[in-house]
Amino acid sequence: MSRLLNFRQIEAFRAVMLSGTTTAAAAMLHTTQPSISRLLAQVQSATQLKLFDIQKGRLRPTQEARQLFDTVQRHFLGLERIEQDVAVMRKSGTGTLRIGCTPALGLSVMPKIVPAFSALYPDVHINLQTISAHHLREGLVHGLYDLVLTTTPIHHPEFSGSTLHRASAVCVMHPGHALAGRAAIHVRDLQDQTLLTLNADDEIHLQFQRSMEQHGVEASATVETSYSVTICTLAAEGAGIGIVNPYVASVFTHALRILPLKPRLPVEVCMAFSSQSAPSAMTEQFAALLKTYFQTLARQPVKKSPP
C-alpha cells in the first residue's frame, strides 16, 4: 500500500459495499455522490487494487473488494460494540457485571443474590458463567470476570480473595436408603456402599479419599461425575450415597436425606477479584450482598433433612 487509508475513505468504501451504489452510500453518510466517488478513487489508488468495475451502470465489487470488506467489517463491528458499551455505561455506570462461579454455587447461592442486585441496578447486564474452579482461575487471570465465587481455594499472586463461609461436606442419599435413619454418617459406615463421587482432582473428593484410606474403607462400586448437582440427582434416584458441599445439597432437601459426615471434611466458599484493576462500584455492591448472605447463613442453625 503506497499510503495509509484514513477513516473517511474506509467509511465510504464500507457504505458502498453495504448499499451497492455511490448514491445510496452518500445518503447513508449524509454527503454527496461525487464525494463518495472521489473517496472510492482514493481507496483504489492507496491500495493499488482494482476494487470495482461497472456493469450496466452499476458498481460490481471484485474479489479483492470483498476480502477488504471482510476486514473492514470486523473492525466496524468492534467499533459498534464499543459505542454500545459506552451507551450502556452512560446509562447505568459500568454497564456489565461479569460473574463466574462453580455450578453448585450457581444453583444454590446465585438465585438469592442476583435478584437482590438487579433490584439495585435494574439496567445492568449480568453475565453469569457457571464453570469449574480451574476455568474460573484461568478466566480471572485473563480478565474475563469481575468477581468469582468457588468452593475451591484460589491461590494466585494476581488475585485478591477472601473466605466468605466455612462449612462441612455432607452425605446425600435417597430417603429410603438403609442408612437414611441415622443422625450422622461416619466414613466407616460407607464400607461396601455404592458411592457417588466427584472427579479425582476435586478438593472434597481428595479429602474424602484420604479419610477412606485412613479408616480402611472400600466402596463396593463408585460412580464418578464432574458436578455435585449430578450427584444429588443420582442420589435422589437411589443410585448410591454422595458426598457434596452443603450449599448444593440444600437445594435438594425435598428429595434427599442429608446427613453430616464424620470425620468432617471442611468446605470453604471463596470470593476473588483480579488484582490487576480496582473493582467497580457494582462489583463491590455484589460482593457486599454475598458477604451479607453468608453472614446470615453463618448465624442460622444447621438444618438436617427430615428422615
**Asked** Do other residues, nucleotides or ligands put more than 12 heavy atoms under 6.0 Å from the CD atom of Gln33?
**Response**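 Yes, because the 6.0 Å sphere around CD of Gln33 holds more than 12 heavy atoms from other groups.
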**Prompt:** For atom NE2 of His215, is the number of surrounding heavy atoms from other residues, nucleotides or ligands below 6.0 Å larger than 12?
**Reply:** yes
**Test side-chain contact (heavy atoms from CB on, under 4.5 Å) applied to Thr47 and Leu51, step by step** = CA-CA 9 Å; Thr47 60; Leu51 299 176; 4.1 Å; yes
For a 4.5 angstrom cut-off between non-hydrogen side-chain atoms, does [X] reach [Y]?
X      : Y      : value
Thr22  : Leu40  : yes
Val187 : Lys262 : no
Tyr145 : Ile99  : no
Arg8   : Leu39  : yes
Val114 : Ile126 : yes
Val72  : Met17  : no
Ile258 : Phe252 : no
Val244 : Leu196 : no

[X] (side chain) donor-acceptor with [Y] (main chain) under 3.5 angstrom:
X      : Y      : answer
Asp146 : Arg98  : yes
Thr194 : Gly240 : no
Gln193 : Ile241 : no
Arg257 : Ala180 : yes
Arg182 : Asp189 : no
Ser19  : Ala25  : yes

Nearest 0.5 angstrom please: [X] [atom1] to [Y] [atom2], how far?
X      : Y      : atom1 : atom2 : value
Met271 : Ser162 : CE    : OG    : 4.0 Å
Gln63  : Gln67  : CD    : CD    : 5.0 Å
Leu128 : Cys101 : CG    : SG    : 5.0 Å
Glu224 : Asn199 : CD    : CG    : 4.5 Å
Gln209 : Leu206 : CD    : CG    : 8.5 Å
Ser132 : Arg137 : OG    : CZ    : 8.0 Å

Could you pull out the closest heavy-atom pair between [X] and [Y], with the gap in Å?
X      : Y      : result
Leu147 : Leu290 : CD2-CD1, 4.0 Å
Gln191 : Gly216 : OE1-O, 3.6 Å
Tyr121 : Ala281 : OH-O, 4.1 Å
Val248 : Val229 : CG2-CG2, 3.8 Å
Ala116 : Leu289 : C-CD1, 4.1 Å
Gln42  : Gln9   : OE1-NE2, 2.9 Å

**Centroid separation Tyr293 to His165 less than 6.0 Å** =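 Here the rings of His165 and Tyr293 have centres that are no less than 6.0 Å from each other.
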**Request:** Would you please test Leu297 and Tyr247 for side-chain contact (heavy atoms from CB on, under 4.5 Å) and show each step?
**Result:** CA-CA 10 Å; Leu297 196 64; Tyr247 312 104; 4.0 Å; yes
**Asked** How far apart are the C-alpha atoms of Glu237 and Thr233, what are their side-chain angles, what is the distance that settles it, and do they pass the side-chain contact (heavy atoms from CB on, under 4.5 Å) test?
**Response** CA-CA 7 Å; Glu237 295 297 326; Thr233 54; 6.0 Å; no
**Prompt:** Does the side chain of Thr283 pick up a donor-acceptor pair with the side chain of Ser280 at under 3.5 Å?
**Reply:** yes
**Message:** Is there a continuous path of hydrophobic side-chain contacts, each under 4.5 Å between heavy atoms, that joins Leu265 to Tyr227?
**Reply:** no
**Message:** Applying a strict under-4.5 Å side-chain criterion to I, L, V, M, F, W and Y, I'd like to know whether Leu259 and Val267 cluster together.
**Reply:** yes
**Request:** Pick out which of Glu64, Arg66, Arg60 makes a side chain to side chain donor-acceptor pair (under 3.5 Å) with Thr62.
**Result:**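 Between Thr62 and the candidates, side chain to side chain donor-acceptor pair (under 3.5 Å) is satisfied uniquely by Glu64.
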**Asked** Does the pair Arg210/Glu213 count as a salt bridge with the N-to-O cut at 4.0 Å?
**Response**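 Salt bridge flag = no for Glu213 with Arg210.
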**Request:** Check side-chain contact (heavy atoms from CB on, under 4.5 Å) between Thr21 and all other residues, then give those that pass, not counting sequence neighbours.
**Result:** Thr23, Ala24, Arg58
**Item:** Partners passing side-chain contact (heavy atoms from CB on, under 4.5 Å) against Val251 (at least two apart in sequence or in another chain)
**Value:**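 With neighbours one apart ignored, the set is Leu107, Ser108.
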**Item:** Derivation and outcome, side-chain contact (heavy atoms from CB on, under 4.5 Å), residues Leu195 and Met212
**Value:** CA-CA 12 Å; Leu195 299 182; Met212 289 183 65; 3.8 Å; yes
